[in-house]
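Naming convention: chains lettered A, B, ... in sequence-line order (proteins, then strands); numbering from 1 in each chain.
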Amino acid sequence: MEFKVRLNTQGRPPLEATAAFSAQSVLLGLTGPSGAGKTTLLRALAGLEKCAQVNVSSYRRSSPRIMMVFSEPCLFPHLSVEENLILARQYSADSGASLTTYTALCHCEHLLGRAAVSLSSGEAQRVALARALASQPDILLIDEGMGAIDSATRRAIISGLKQYATKTQLQVVLVSHDISDLALYADELALLEAGSLVCAGQVARVLGHYATETSLVPCLSLLEGKATDPDPRYPYHRFLCEGQVLYAHSRASFEEHVRLVVDARQVSLDKMDVNQSTLVNAFACQIVSMDTLSDAELRVTLRQGDTTLYAIISHLSRDRLGLTAGDAVTARFKLC
Amino acid sequence: MEFKVRLNTQGRPPLEATAAFSAQSVLLGLTGPSGAGKTTLLRALAGLEKCAQVNVSSYRRSSPRIMMVFSEPCLFPHLSVEENLILARQYSADSGASLTTYTALCHCEHLLGRAAVSLSSGEAQRVALARALASQPDILLIDEGMGAIDSATRRAIISGLKQYATKTQLQVVLVSHDISDLALYADELALLEAGSLVCAGQVARVLGHYATETSLVPCLSLLEGKATDPDPRYPYHRFLCEGQVLYAHSRASFEEHVRLVVDARQVSLDKMDVNQSTLVNAFACQIVSMDTLSDAELRVTLRQGDTTLYAIISHLSRDRLGLTAGDAVTARFKLC
Amino acid sequence: DTLKVAVAANFAKPLEQFATAYNEKTGNRVIVSKASSGTLYAQINHGADIDVFLSADSSRPQQLLEDGRVNASDVVTYAIGRLGYIQRSNASPDVETLKTFALAPTTRLAIANPRLAPYGEAARQALTSLVLWQHVSGALVYGNNVLQVYQFYQSGNVDHALLAWSLIKGEPGAVQLSDELHQPIVQQLAITATGADKAAANAFVDYLLSDEVQTQLPQWGYQRTGTRE
Amino acid sequence: MSGDWTAIWLTLKLAVISSLILMIIATPLAWWLAKWQHPAKPIVQAVIALPLVLPPTVLGFYLLLAFSPQSWLGSGWESLTGGQLAFSFAGLVIGSVIYSLPFAVQPLYAGFVQLDIKYLETAGMLGLSRTAQIRRVILPMVKPHIITALGLAFAHTLGEFGVVLMIGGNIPGETQVLSISLYDHVESLNYGQAHQLAIGLLIFSLILMSLLYRLNRKGRDAWNSRSG
Amino acid sequence: MSGDWTAIWLTLKLAVISSLILMIIATPLAWWLAKWQHPAKPIVQAVIALPLVLPPTVLGFYLLLAFSPQSWLGSGWESLTGGQLAFSFAGLVIGSVIYSLPFAVQPLYAGFVQLDIKYLETAGMLGLSRTAQIRRVILPMVKPHIITALGLAFAHTLGEFGVVLMIGGNIPGETQVLSISLYDHVESLNYGQAHQLAIGLLIFSLILMSLLYRLNRKGRDAWNSRSG
Ligand SMILES: Nc1ncnc2c1ncn2[C@@H]1O[C@H](COP(=O)(O)OP(=O)(O)OP(=O)(O)O)[C@@H](O)[C@H]1O
Ligand SMILES: Nc1ncnc2c1ncn2[C@@H]1O[C@H](COP(=O)(O)OP(=O)(O)OP(=O)(O)O)[C@@H](O)[C@H]1O
Ligand code: MOO
Ligand SMILES: [Mg+2]
Ligand SMILES: [Mg+2]
């Protein structure tokens, strides 16, 4: 998917964004502070901002069919849940498709017979998502459309959505304030601030920018690599990152590629060689720099090869361990 | 605040909830799966469910003035942001109060001149909250009213709200799917499932129930205690929990009482005595039980005195360290 | 000092003229309100403050008499109406023109509603006398009153109409029909005034029935009546 | 033509007073109707629409019966005010209000039904009294419907004719409104004067109603054009 | 009274046909009006309301002029159908439609203006064509307004009188509608028959309109009663 959007109307903050995402990326994360223009950008992409100049293409189709899920579910109030879905399917490319795929994916099979107006907010959001899928778009834009769903369900839905998207070559743009959801599942990431895309592309790079150049929290890093021979006794994914073996849970892994998102506050540093704690992962690296974030915390930027890792530690710990830039350390963190 | 709510109308799932919260608790967290009845409970408390039998009392007033913030902001579309706030203030107890307190608290000073209909979703939520405060209620019910606000801003708002509530004896009920927000800031917590309060009261106890009895994630524990002599070199709160010194950030602390919320996935266990890593906090405790959560993970329940702490570790680590129930271990985690 | 006179629409114009003259002569003011005879009747019957009611027919004044609202001496004939025929095709038509048309009507013929308006009833009688009724009944359109019939004609929606001669007198293509073709169109009035106004009302009615006024009636397309007995 | 000026003035007075009374009656009626849930509701709604079903003159005829000193309404009015209801300005106002009631009630009803109850709930929780809610929230939010109702009621009263003819008695300065003079001009074949008056009435109404509908514009544009 | 039955049938036919045509004209007109943004908009809205301002008989008089074979409308119609517009059923329909247009347009306009655009945007993205959007989303969502419009238009056509009186010519079976017979009865002092017919008309309308308004009930109750 590639797009170029320009909006410059009197009385509204201007917006200008150009980005190209690879055909392999099925889930594109978009985040940024409140009021940055995320909704406006999505609306423009969906062709709903009449004053915007917009160019979008997907890899599936040169003039792709785009569906946007608003933060309000906008279920048609005169129809039941099922009728909402049936309506969407009827006008889709394959109007014979079974709805079960979509309802199972969005955990809303049990709501089919309900009146759309009687749903709770989380229920309505799930149905809205199922309806969007039932219309079988080429590009699906989700604007904070999952905020009222509890996190376990939400992650299950995102993960299922990603598998479905991979299978059907759908590209999904997900706007969320939950950066760890995005870091874990997005194939590429974009950061919008005050109407412009300050950074877009590889998740690790955008997270780096996010961590170092913005005042936004949290601070995340991405470790990824090819899966290696699994230990038959445990169901974890073992993978090689910069030549070191790391462990990750299956849910954030897709095919041969394994991904681990680490919150900088979960990373501990030490100078020991042996691991005597339950922190499974140990990653040898070097301190590149240390930046004071507040009088309480500092951010340590660590590097090994092409991989950057952040750790947020207290001044107390730095002093206790005597850490300085250039030191070789072991970064330890759990598998997640 | 004390309440007793019963709703048993044909065609709707029944709801029955009784709870009493102490006068000192200013922020009451309410969570539960989507569709559990959280919105319905709040609406009933606010007197909006005509069929419900409701008894509510606050410590401020026997028939308290209750204000509910819906998940949709419901700003009056014919008024500007400022006019919305002025309208709320006009009908409040102190109609001469300055609006600055509320706008500053909700980070929306810059939006005052805007038309209510032109706001982004996060902006609208902040204004809706400010408007609710401007009406100076005795009890404020917030129904997922902060989901579209980025997490840094959201936490700043919750924290400010809590201070304001303490000062003015306001009691706030906050419904959220973000359990860590709640664990960090709530004074008491309640868990609603399928129309009944399965657990309510002390945060630590409810988190325990949440962690062990429900399928909900994440798994959190609460460590708290009285502040002790601070180390003048560092701005952290030092506090005594079960006789051991722990460190916490200032933001989650209120007066003499310091609180630390620890995600079980951030807790590492070892059998060493000395701390050689950047994990500042070390908490000596005993393994009470180990429960397998999946083929990948197990939950370790740890106890020291009255304090319960959870750690989620991998089978790999358990095997590596040879952990069994009854072992004395050191739980390590960062200050947060 | 002011007299309220209600008049059926077709006689409104002459009445206004007479009222002005009466005012000049006696100094008494006459307020004229006009509507259809049926409306005026209903209003008088329900308490309208009217001193003299000039109906376009005799049935409404007679009805007031039956209702006991007025005495027999209060109801008099003030004019006899005449029926006229107007059409577009012939500059100086006569009864034959009507016959020719009515025997094989190609367009519609407008008359007033016989049930509501005496001119309508007269038109029906005239057509019956001429043995044309059967032939034209399918081609008739009914105006609610003669004025409406005149509008149908004037606006070009009908080319033939039977209506009050008073309306079409002097127009091209108009002809007065013989009064032998129908019963006399007796226009009666009723003095509805009570008490103090009664004398003034009587005086005005006397004026209307005076030769001075009655001799002018043919000019307006009406036939004069005898004096009040 | 001087009679026309009196008629114009009278008409305006009638239209303004009737429209105001209509709005005062119709607003609470429509509100109550929107909230009321009962199997008999469609019947009540139909009853409100009934004045429309009768031809105006016939409606006027029945009003005339009701206004006559023999009826309770007429006699009640007479003992209260000393005057007669039929053929008085007050009678015209009553007739116009009854005749135009459906136009005022129905659009307001539709507006109230579609008003999202959460705005009212919010207003209630903010402490606004019933009256304050109406004044500060409900009325501004249903403004397009109010303007529709007002416009229809006003125009209908201007053109109102059959009822007025029947119960008014065509008394200059008292009950001879513009529609009646216009009718008179047409009936007495004064077409020139009728055209003049009709054009005047149309232009005047056009200006007045344009001003009324302009009220709808401000702010309205942005209202639904946001996705939040 | 057998003439009354013909009149009843004719009236129903007129009311139904006119209401349908009205809805067909008014719906797109109101829609366009709701979307159209232009300084001249209030003027257009006022123009739509103008038929109300003229007394019906006067409006009828002008229609009579327009229908005459000398005018473009009358002659155009004549060359098209061979028949005359005045005194024909088709003429009545045209008159009724013009006269009742404001009642149909205004409530629909208010409904369309309040329709949240996001539902339409969603429908559009779901791939619904313009027509499908109208049929499947817009019309069901503004149903209360459609029913209001339909009810007002229908009732108004039933009671419609002045215009019909003027352009109808009172031809039994062709243009003598109920309102005219009723008027005739009153004018010719057949009060007994007038009462009978009026009561019959009222009861009939009451039943019909109750049925119409019942359509509004289903589902509507729940619509705004949720907080989500
Ligand atoms: N119609 C409008 N008139 C004026 N300003 C507008 C309008 N629509 C949007 N804005 C402003 O444009 C900016 C971008 O809005 P947008 O809704 O795209 O933000 P967002 O990134 O989606 O924010 P959030 O996370 O709060 O939803 C905001 O500051 C908003 O107030
Ligand atoms: N009017 C209604 N008719 C039928 N069922 C209803 C109605 N209102 C609510 N419900 C059902 O009651 C249950 C509780 O709804 P409620 O909105 O209180 O849930 P919730 O806990 O707020 O969920 P969420 O987190 O998704 O907002 C849901 O299953 C919902 O579908
Ligand atoms: O003036 Mo009449 O009563 O309509 O023939
Ligand atoms: Mg947004
Ligand atoms: Mg809810």
Sub-4.5 Å side-chain heavy-atom contact between A:Arg126 and B:Ser34
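Yes, close enough: below the 4.5 Å cut-off.
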Is chain B contacted by the side chain of A:Ile149, its backbone, both, or neither, given a heavy-atom distance below 4.5 Å?
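It is the backbone, since no side chain atom gets that close.
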Could you look at A:Glu144 and say if it's the side chain, the backbone, both or neither that has a heavy atom under 4.5 Å from chain B?
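Side chain only.
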To the closest 0.5 Å, what do you measure between OG1 (A:Thr31) and CG (B:Asp150)?
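Spacing of OG1 (A:Thr31) from CG (B:Asp150) equals 7.5 Å.
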To the nearest 0.5 Å, how far apart are CZ in A:Arg332 and OG in B:Ser268?
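So the CZ of A:Arg332 and the OG of B:Ser268 are separated by 10.0 Å.
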Considering only heavy atoms and a distance below 4.5 Å, find which of B:Asp263, B:Val175, B:Ile312, B:Asp178 pairs most often with chain A.
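Winner by heavy-atom pair count: B:Ile312.
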Contacting moiety of B:Leu316, where chain A heavy atoms sit under 4.5 Å:
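Backbone plus side chain of B:Leu316, per the 4.5 Å heavy-atom cut-off to chain A.
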Nearest heavy-atom neighbours spanning B:Ser121 and A:Thr39
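Closest approach of B:Ser121 to A:Thr39: OG-OG1, 4.5 Å.
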Pairs under 3.5 angstrom only: tabulate donor-acceptor contacts from the side chains of residues 109-117 of chain B to other protein residues two or more places apart or in another chain.
from: B:Arg114; atom 1: NE; to: B:Ser118; atom 2: OG; distance (Å): 3.1
from: B:Arg114; atom 1: NH2; to: B:Ser118; atom 2: O; distance (Å): 3.0
from: B:Arg114; atom 1: NH2; to: B:Ser118; atom 2: OG; distance (Å): 3.3

